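Only heavy atoms go into these numbers, but all of them, side chains included; no hydrogens, no water, no symmetry mates. Naming: A, B, ... by sequence-line order, numbering from 1 per chain. Predicted model only: the values in this text are computed from it and were never measured.
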Number of protein chains: 4
Amino acid sequence: MNANINSPENVPSGQSRPENRGRLLVKCPDGPGIVAALSKFLFEQGANIIESSQYTSDPQGGTFFIRLEFDCEGLMDKRDAMEKEFSSLAEEFSMEFRFAYGSERKKTAIFVSKEPHALLELLWEWQSGDLPTDIAFVAGNHEEARGMVESLGIPFYHIPANKDIRRQVEEEQSRLIEEHNVDVIVLARYMQILTPEFVEKYPNKIINIHHSFLPAFIGARPYERAYNRGVKLIGATSHYVTNDLDEGPIIEQDIERVDHRDHVADLKKIGRSIERRVLARAVKWHLEDRIIVHGNKTIVFQ
Amino acid sequence: MNANINSPENVPSGQSRPENRGRLLVKCPDGPGIVAALSKFLFEQGANIIESSQYTSDPQGGTFFIRLEFDCEGLMDKRDAMEKEFSSLAEEFSMEFRFAYGSERKKTAIFVSKEPHALLELLWEWQSGDLPTDIAFVAGNHEEARGMVESLGIPFYHIPANKDIRRQVEEEQSRLIEEHNVDVIVLARYMQILTPEFVEKYPNKIINIHHSFLPAFIGARPYERAYNRGVKLIGATSHYVTNDLDEGPIIEQDIERVDHRDHVADLKKIGRSIERRVLARAVKWHLEDRIIVHGNKTIVFQ
Amino acid sequence: MNANINSPENVPSGQSRPENRGRLLVKCPDGPGIVAALSKFLFEQGANIIESSQYTSDPQGGTFFIRLEFDCEGLMDKRDAMEKEFSSLAEEFSMEFRFAYGSERKKTAIFVSKEPHALLELLWEWQSGDLPTDIAFVAGNHEEARGMVESLGIPFYHIPANKDIRRQVEEEQSRLIEEHNVDVIVLARYMQILTPEFVEKYPNKIINIHHSFLPAFIGARPYERAYNRGVKLIGATSHYVTNDLDEGPIIEQDIERVDHRDHVADLKKIGRSIERRVLARAVKWHLEDRIIVHGNKTIVFQ
Amino acid sequence: MNANINSPENVPSGQSRPENRGRLLVKCPDGPGIVAALSKFLFEQGANIIESSQYTSDPQGGTFFIRLEFDCEGLMDKRDAMEKEFSSLAEEFSMEFRFAYGSERKKTAIFVSKEPHALLELLWEWQSGDLPTDIAFVAGNHEEARGMVESLGIPFYHIPANKDIRRQVEEEQSRLIEEHNVDVIVLARYMQILTPEFVEKYPNKIINIHHSFLPAFIGARPYERAYNRGVKLIGATSHYVTNDLDEGPIIEQDIERVDHRDHVADLKKIGRSIERRVLARAVKWHLEDRIIVHGNKTIVFQ
């Protein structure tokens, strides 16, 4: 249904057959032999490692993280056996792990309010074939974005919201999320606060864009506060949503230079262009399984 | 005495005769006719305007700021008469103003502790002819920098400091500042807190470098706190010192990208290169009379 | 007809009444008294200078450039008399000059081929109220962009093109340009070469985006050549079109970092995001009369 | 002899015992099982992989590159046996390979002319413990840098040079290079052309800094040409020297923004700060064995 354009030029190098492409993310106590065991395992499955990134929080007694991207002929047929076999290896090294498959595109829901810039950037990236996802639906507490969204063949749901009907709104949202088997929820400048219950249902699955360089200007009206403080740079921060306001694990941040001539309206305008690119990068890395959350931080394997 | 190298190549365009170069900074209530009055005044003095930058905080009833850089044959002879004559114009428009002269280089004192990187950058810029100042002296509460400083013909004073002898230390510093007719005091990672009395003596004349992107991580150990928060960018901020810790008017800020692999020691190393360039820019702009402080903000005419 | 959104928030500071806003651009031999004469003139017209930027190519015997932005009650009524009166001042100082008026938005034509990213960025900026222009029409040698363009209420003309029918195509384009009173023509990745006759008709009025950091990779297939050379940065350049291929006055350039993992398709993708922002900035500065062409260079008053 | 400061704070994370740290760089035809074989090999040597970066030029029939950094108790004792044992593995996969050892710091020679900025940056990074090398000597065709260099305990040789005595000069340089067992030669704005014979003796071992964003402005006087072209960004490029002028494999590039106000002298000043950081990065990556040359390109594992 989605009118996603995947012109040959947009296929990243070497990803011509997504059905044979797999990813393995692993987190375990560091120790000798982990890379050897993992690469031996993949080799024995007939997989060729295309990309490998690892990180050790501390060479002495730290935690080890690895992301392996591989090609494997007939991957979807081998999948069940492979995952089962991996379990015993995982047990031996006390690994937490996750397999992801190129043929299983993640499903995304996008929540918006009135300002469309962050949504538009995501749609634009998606339409260019640069966001590997199916956009299940867009839900807005205003009608503004409907035309744009529906013209791309994506369902748009108008769910008016305010703090008095928060639970009712979230029930409707949750129903849609389940109906569409959504994997990731993107708050594209969605100006409503979520209840703790909603947030807890989707751990590390809700991505927000905050319009400041966190931890500066936590909370409301960051551009006004940036203006009043006279900062020379403004920023935006994309993070996973937790129940500590603007305190969730940071995925990506960026900034632009401003000066004394920029009033609040100018900061907002400049800020919009930062917000849209920061959010688009964060969502893309999530979709490509490049992010591991560790405590209140992210490891991002680029 | 200072071994400042001013090779012809380093002379910025059109500044071949600094004794004829003047600057006029003005701040007044906005209204019609100000630019006309100022440019007529300079024209009648025989001055040619080389550079002009202006800013109005609000076109309706705001404050007007202008910086004029001009060339004027025989400027130093005309100086007294010109300043006197300007007073009546200034009164008419309720102007605050300041004249500065290319032949009167500002005198700078630099305070350091152990880490020399910010000092070294200033010395390097100064030696290349890019910091238009006479460095009156460097004062350190450690001996580390003496060799480097004295090898350039600059006096170095070792003034051990700790919080118990703060007043005594500042008396010694003030004595040196007066003895050397110092115009601006640069805290190049000087890790001591100054007393309110000292700060009040030198309003908008003490420039500090703080090792974070303010207002994030105000106070001590910003790199440790940045590491713990998992930020993806770290920064540095140069500001005028006031008696609100790290709350003075911001002159310049910059940032660098970091990632999950960077431990605190890495952040400090990356941070050093941000700190040194941010402080050098701020000091340079101050020396070139490019900064007007307005409330708790700066207008920087670049 | 144009569905341009100018929400109050998007009005840049102090531009609440565009009908009273004027701009004056001047170029003349440098000499004393020019700023005084200009500011006196504007003061006598009842104008208040809001923004002023000047530049002298050489303080000794160079060329002087100034851009003045001013507010003037009843500007459109005074306009003819003011311009006439200015002529004698202009003659005295041998000035070339141009007045522009906030109430006269420039009319833009956009030419595209298949790739829509540069067009989309312009439409997006325009729709946000950040491009002060009326988009007269979009002309494409392919049909791809029609839906998007017409949904915004902008006429779209499909003019198939190839080198054999170049003159015929340009006749059609010229006819549309005259019919719509177009002031500026933007080549938003329009992949056709223009004839010398067409280019000469619109001096400093055709803005192109070239997909390299000129003068590196002049001509065709710059991303392929950048890949083959192994550069670590790729760029884009917006310039006025002249009859020397990719040699016209440069308005704006920008770059992004790439590395050995980026194949040609990756460079193109990264490049698209550079191209769109570089072109949007160049067009905006042109529309705001911030650019003066001097020889083969631009003076851009930001 | 070298007064290299390695304060604990400057030790990068997890590099506390350099004598146990090793690096293995491998290049071979891509195929299944390479990572498995390499990681098994290191595991059996008792090595723990700390950092691993790989790249495949093309998943179908391309070339595979990997850089492994590992810790291994008693590495220097095991070294000979390990390298011998590795040979048979290397043969099996047709690998080119190189082991490097943390306890064997590379020896660097730096060539300079009059301008000291690039040299000073290298000395500064080295003194801060950020350039893991022994600086064997600095050779200059002018005397300017002697004081600075010798004050750090590094030998300085004055070898006057001009094109008529090129061979004689290079004989003297080669003698010093052999005498000091130099591994890498850094041209820190050394303004002399090297003979083909000299260049051929040190393939991928001579690092130059060119003062433009190559391939723009190949050859002499790049800042003058950048000024004349009216570019809006200037850059610098560090590359390995080959016998094609400014055409060797690019290691690193960076740029800064300039504008119409910047004359040639300004471009040179801004350029110096780009040159020094670009060269310092390139040299650092070389010293850390992060660079593999492949054809006329570099793979840089950061």
Side-chain angles (χ1 to χ4, degrees), chain B residues 11-18 20-22 24 26 28-73 89 92-93 102 256-257 259 299-302, chain C residues 11-18 20-22 24 26 28-73 75 89 92-93 102 256-257 259 299 301-302:
Chain B
V11 177
S13 46
Q15 300 205 4
S16 41
R17 288 188 298 181
N20 291 338
R21 180 62 59 103
L24 171 56
V26 169
C28 64
D30 199 11
I34 302 172
V35 179
L38 289 171
S39 49
K40 179 163 172 280
F41 176 86
L42 287 174
F43 176 58
E44 290 170 355
Q45 303 292 324
N48 192 19
I49 297 173
I50 297 299
E51 208 183 309
S52 163
S53 312
Q54 65 175 73
Y55 167 67
T56 303
S57 63
D58 185 339
Q60 263 68 48
T63 303
F64 174 85
F65 305 86
I66 195 164
R67 177 188 186 274
L68 294 155
E69 187 151 347
F70 54 90
D71 269 343
C72 183
E73 201 66 40
L89 177 64
E92 186 187 337
F93 288 94
E256 293 270 343
R257 195 159 277 277
D259 71 26
I299 289 139
V300 181
F301 289 126
Q302 282 176 271
Chain C
V11 177
S13 45
Q15 301 205 3
S16 42
R17 289 187 299 181
N20 290 338
R21 179 61 58 103
L24 171 56
V26 170
C28 64
D30 199 11
I34 301 172
V35 179
L38 289 170
S39 50
K40 179 162 173 281
F41 175 86
L42 287 173
F43 176 58
E44 288 170 357
Q45 303 292 324
N48 192 18
I49 297 172
I50 297 300
E51 207 181 311
S52 164
S53 312
Q54 64 174 73
Y55 167 68
T56 302
S57 62
D58 185 340
Q60 262 70 47
T63 304
F64 175 86
F65 306 85
I66 195 165
R67 178 189 185 273
L68 294 155
E69 188 150 348
F70 55 89
D71 269 344
C72 182
E73 202 65 39
L75 179 61
L89 177 64
E92 185 188 337
F93 288 93
E256 292 269 345
R257 196 160 277 277
D259 70 26
I299 289 139
F301 289 125
Q302 282 177 267

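Of the listed residues S53(B), A47(B), G33(B), G46(B), the one with more heavy-atom pairs under 4.5 angstrom with chain C than any other is G33(B).
Shown here for I50(B) and T56(C), the closest heavy-atom pair between the two residues is O-OG1, 4.4 Å. Closest of all the heavy-atom pairs between Q54(B) and S52(C) is OE1-CB, 3.3 Å. Pairing each heavy atom of A36(C) with each of S39(B), the nearest pair is CA-OG, 3.2 Å. Nearest heavy-atom pair across F43(B) and P32(C) is CE1-C, 3.7 Å. The nearest pair of heavy atoms linking G31(C) to N48(B) is O-OD1, 3.6 Å.
When each of I34(B), V35(B), I66(B) is tested with I49(C) by the rule side-chain contact (heavy atoms from CB on, under 4.5 Å), just one qualifies, namely V35(B).
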